[in-house]
Structure formats: structure tokens, C-alpha cells
Amino acid sequence: MRTVGVAVLGLFLGVLAGLLIFGELIGRIVVANNNGTVEAPWTFIIGFGQQGLAIAGAVVAVVIDRRRRAGSSK
């Protein structure tokens, strides 16, 4: 049950990081450099980048939790 909680926490932190990085930072840079428009490849990168970071956040959180539990039990 602890692993599920850690995975959910990592998922939410990944979504937050994705929104900040892809939604705000990269989105604003792309719009500024393309005269206010966003073309097809960038829409996919911005849209799926957030989801990718959410999944990566969940995986990294579980890996870190398992390593900390394995290190503390020795």
C-alpha cells in the first residue's frame, strides 16, 4: 500500500513539473519564437511531455522509495 501512495505522489509531482516545464516554459518560448502560433510538432511535444513526466515521476518515486527502504533495513 505504501508503494501505491508513493507512486501517486510521484505522479502528481510529475504532472506539476510537466505543467511548469512544458506548459509554461517551453510553451511560452515556442509561442514567442513563432509569432504567437504553435505548429503541429510542438503541440505534441507540449501535450505529451506533461504525461511523460507524470509517468516518469511515478517510476522515479517508487525507485527512490524502494532504495531507501532497502538501505534502512540493512
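- Applying the side chain to side chain donor-acceptor pair (under 3.5 Å) rule to pairs touching residues 12-23 yields nothing, sequence neighbours excluded.
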Atom pairs and distances, side-chain donor-acceptor, residues 44-52, under 3.5 Å, sequence neighbours left out:
none

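- For residues 55-67, the pairs satisfying side chain to side chain donor-acceptor pair (under 3.5 Å) are R2-D65, D65-R69, with sequence neighbours left out.
- Residue I64 shares its hydrophobic cluster (ILVMFWY side chains chained together at separations under 4.5 Å) with V60.
- Each salt bridge (charged side-chain N to carboxylate O under 4.0 Å, His left out) pair with one or both residues in residues 43-58, not counting sequence neighbours, would appear here, but there are none.
- Legend: side chain to side chain donor-acceptor pair (under 3.5 Å) pairs involving residues 34-44, not counting sequence neighbours: none detected.
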Just list the side-chain donor-acceptor pairs under 3.5 Å for residues 13-31, sequence neighbours left out, or say none.
unit_1: E24; atom_1: OE1; unit_2: R28; atom_2: NE; d: 2.9
unit_1: E24; atom_1: OE1; unit_2: R28; atom_2: NH2; d: 2.9

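- The two residues G10 and A61 make their nearest non-hydrogen contact at CA-CB, 3.7 Å.
- A salt bridge (charged side-chain N to carboxylate O under 4.0 Å, His left out) check over residues 43-55, counting only residues at least two apart or in different chains, returns nothing.
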